[in-house]
Every structure is written in structure tokens, then in C-alpha cells.
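Computed from heavy atoms alone, side chains included, the values below leave out hydrogens, waters and symmetry copies. Note that this is a predicted model, so its numbers are computed, not measured. We're numbering straight along the sequence, starting at 1.
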Amino acid sequence: MKNNSVKQITLAAILIAMTVSLSLLVIIPIPATKGIVTLCEVGIYTSAILFGNPMGFTVGAVSGFLIDIISGYPEWCLFSLIIHGLQGAAVAYFTPERNKKIKNTIIPLLIGSIIMVVGYCLATALLFGWPAGIASIFSNIIQVGFGMAVTLLIVESLVKFRPNLV
């Protein structure tokens with residue numbers, strides 16, 4: 001195994017552990033959908049922006065899956081694996097440093113957020129019906145909005161102190 005591969009695997013494990021830990025600090029249950037609101041977007045978005053793919057996808061997918069298992073929501077694990085994986089991959093792909101057509105960091109965050117909100121709306125509708133799916137939109141918008149704001153603060157702070165990091 002190449003030394004670079006070991007570094008990438010170690011970095012992914014650390015970022016996943018940080019994302020899961022951050023998410024488990026604040027868990028707001030949603031009784032109507034048997035779901036939760038967490039801070040996982042902060043870890044997913046930051047990983048995707050700083051390290052691109054496959055890190056964005058890996059951190060999103062694995063941390064989303066683990067958060068649901070640890071929180072006691074196994075019915076959501078597969079959905080979280082797919083939705084958060086796609087969310088991280090999209091943010092990484094559309095980051096201005098990797099996609100020259102994009103000029104602003106907010107655009108990839110909005111794309112990732114739309115994937116999350118629509119994905120969980122569909123997943124909730126599949127599990128509990130369309131009224132619950134529609135009802136989940138508001139809490140998911142709050143979750144991704146907070147995640148976007150904190151991510152922008154973190155990334156801007158990192159760029160200020162280490163300009164060549166991003």
C-alpha cells in the first residue's frame with residue numbers, strides 16, 4: 001500500500017470521526033418522522049471543500065450512516081448513506097477550485113443542500129407518506145442553512161490563516 005493511500009484513509013477516518021462527533025453533540029429529534037436534525041453538514045461540507053472527491057463522498061456517506069446507527073435510527077441508514085454521499089460529492093465537484101465555471105463557494109453548498117432536502121423529503125415520503133415528507137422540508141432547511149453558515153466561517157478562517165489550503 002502506498003504511503004499516500006494510508007494518509008488518505010487516515011484523513012478520511014479522522015474527518016468521519018469528527019463529523020459524527022460534531023453531529024452527536026446536538027441531536028434534535030423529530031417525532032413525526034422518527035428522524036433527527038444534526039450538525040453533520042458542517043463536517044461534510046468542510047471535508048468536501050478542502051479535500052474534494054472522493055473525500056466529500058466518503059465522509060458524507062459513512063458519517064451519515066454511522067450517525068443514524070449510533071442515534072438509534074436504523075431505518076434511515078441506507079437513505080443517509082446515499083443522500084449524504086451525493087451531497088458531499090456534489091459540493092466537492094462544484095467547488096470553485098475544482099470547477100472553474102463556479103465563482104462562489106455558496107453555489108456548491110446550495111447544490112449540496114438541495115440534494116439533502118429533496119433526498120430526505122423523498123425518503124421520508126417513502127417511509128411515512130407525502131404529508132410527512134413535506135413536513136420534513138422545514139427542519140432540513142434549518143439543518144443545511146446552519147451547516148452552510150458554519151462551514152463558510154470555518155473555510156474563510158482557514159483560508160485567512162493558510163491561503164493555499166483551499
Side-chain angles (χ1 to χ4, degrees), residues 1-28 35-120 123 140 143-166:
M1 188 179 272
K2 290 184 178 180
N3 190 23
N4 194 28
S5 298
V6 173
K7 287 180 183 177
Q8 287 294 98
I9 291 169
T10 304
L11 179 60
I14 291 168
L15 292 169
I16 290 165
M18 289 174 58
T19 301
V20 171
S21 299
L22 179 65
S23 298
L24 295 177
L25 282 173
V26 177
I27 295 179
I28 303 166
I36 53 177
V37 172
T38 70
L39 300 178
C40 68
E41 271 67 34
V42 176
I44 295 169
Y45 290 161
T46 303
S47 300
I49 290 170
L50 295 179
F51 302 106
N53 275 319
M55 195 68 71
F57 176 80
T58 304
V59 171
V62 176
S63 62
F65 183 88
L66 289 173
I67 291 163
D68 286 336
I69 285 286
I70 293 168
S71 301
Y73 296 98
E75 67 273 16
W76 290 101
C77 290
L78 181 60
F79 295 115
S80 293
L81 181 96
I82 295 166
I83 294 166
H84 287 303
L86 291 175
Q87 180 184 20
V91 172
Y93 178 78
F94 289 107
T95 299
E97 290 75 22
R98 293 173 195 86
N99 190 325
K100 299 304 177 195
K101 294 177 185 174
I102 307 293
K103 302 295 182 208
N104 193 327
T105 305
I106 293 176
I107 293 170
L109 295 177
L110 286 173
I111 293 168
S113 296
I114 290 167
I115 289 170
M116 187 276 213
V117 171
V118 171
Y120 275 110
N140 287 327
Q143 179 170 318
V144 295
F146 187 75
M148 286 174 55
V150 174
T151 299
L152 288 170
L153 288 172
I154 290 170
V155 170
E156 293 302 319
S157 298
L158 288 173
V159 168
K160 189 175 187 178
F161 294 107
R162 301 237 357 238
N164 58 353
L165 185 60
V166 177

Engineer: Report, as yes or no, whether the 6.0 Å neighbourhood of atom CD1 on I70 holds more than 12 heavy atoms from other residues, nucleotides or ligands.
Structural biologist: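 Counting other residues, nucleotides and ligands, CD1 of I70 exceeds 12 neighbours.
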Engineer: Search all heavy atoms of G43 against all heavy atoms of L22 and return the closest pair with its distance.
Structural biologist: N-CD2, 4.2 Å
Engineer: Looking only at heavy atoms, which two atoms of A92 and G52 are closest? And how far apart?
Structural biologist: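 In this case the closest contact between A92 and G52 is CB-C, 3.5 Å.
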Engineer: Looking only at heavy atoms, what is the nearest atom pair of I16 and V59, with distance?
Structural biologist: CG1-CA, 3.8 Å
Engineer: For V150, which residues count as a side-chain contact (heavy atoms from CB on, under 4.5 Å) partner, sequence neighbours excluded?
Structural biologist: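 So V150 forms a side-chain contact (heavy atoms from CB on, under 4.5 Å) with V42, F146, I154.
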Engineer: Which pairs pass side chain to side chain donor-acceptor pair (under 3.5 Å) with one or both residues in residues 52-70, sequence neighbours excluded?
Structural biologist: D68-S80
Engineer: Give me the atom names and distance for the closest heavy-atom approach of I83 to M116.
Structural biologist: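 Smallest heavy-atom distance, with atoms named: CG2-CA, 3.7 Å.
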Engineer: Can you see which heavy atom on P108 is nearest to which on V91, and at what distance?
Structural biologist: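 Looking at all heavy atoms of both residues, the shortest contact is O-CG2, 3.3 Å.
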Engineer: Hey, are the side chains of I107 and F94 touching, using non-hydrogen atoms and a 4.5 Å cut-off?
Structural biologist: no
Engineer: Does S23 reach the main-chain N or O of C40 with its side chain, forming a donor-acceptor pair under 3.5 Å?
Structural biologist: yes
Engineer: Can V117 and Q143 be said to form a side-chain contact (heavy atoms from CB on, under 4.5 Å), step by step?
Structural biologist: CA-CA 9 Å; V117 171; Q143 179 170 318; over 6 Å; no
Engineer: Would you mind listing every side chain to side chain donor-acceptor pair (under 3.5 Å) that reaches into residues 104-115, with sequence neighbours excluded?
Structural biologist: Y45-S113
Engineer: Using a 4.5 Å cut-off on heavy atoms from C-beta on, say whether the side chain of I49 contacts that of L109.
Structural biologist: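 Side-chain contact under 4.5 Å: yes.
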Engineer: For L11 and M55, which heavy atoms make the closest approach, and how far apart are they?
Structural biologist: CD2-CE, 3.7 Å
Engineer: Are N140 and V144 side-chain neighbours, meaning at least one heavy-atom pair lies under 4.5 Å?
Structural biologist: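 They are not in side-chain contact.
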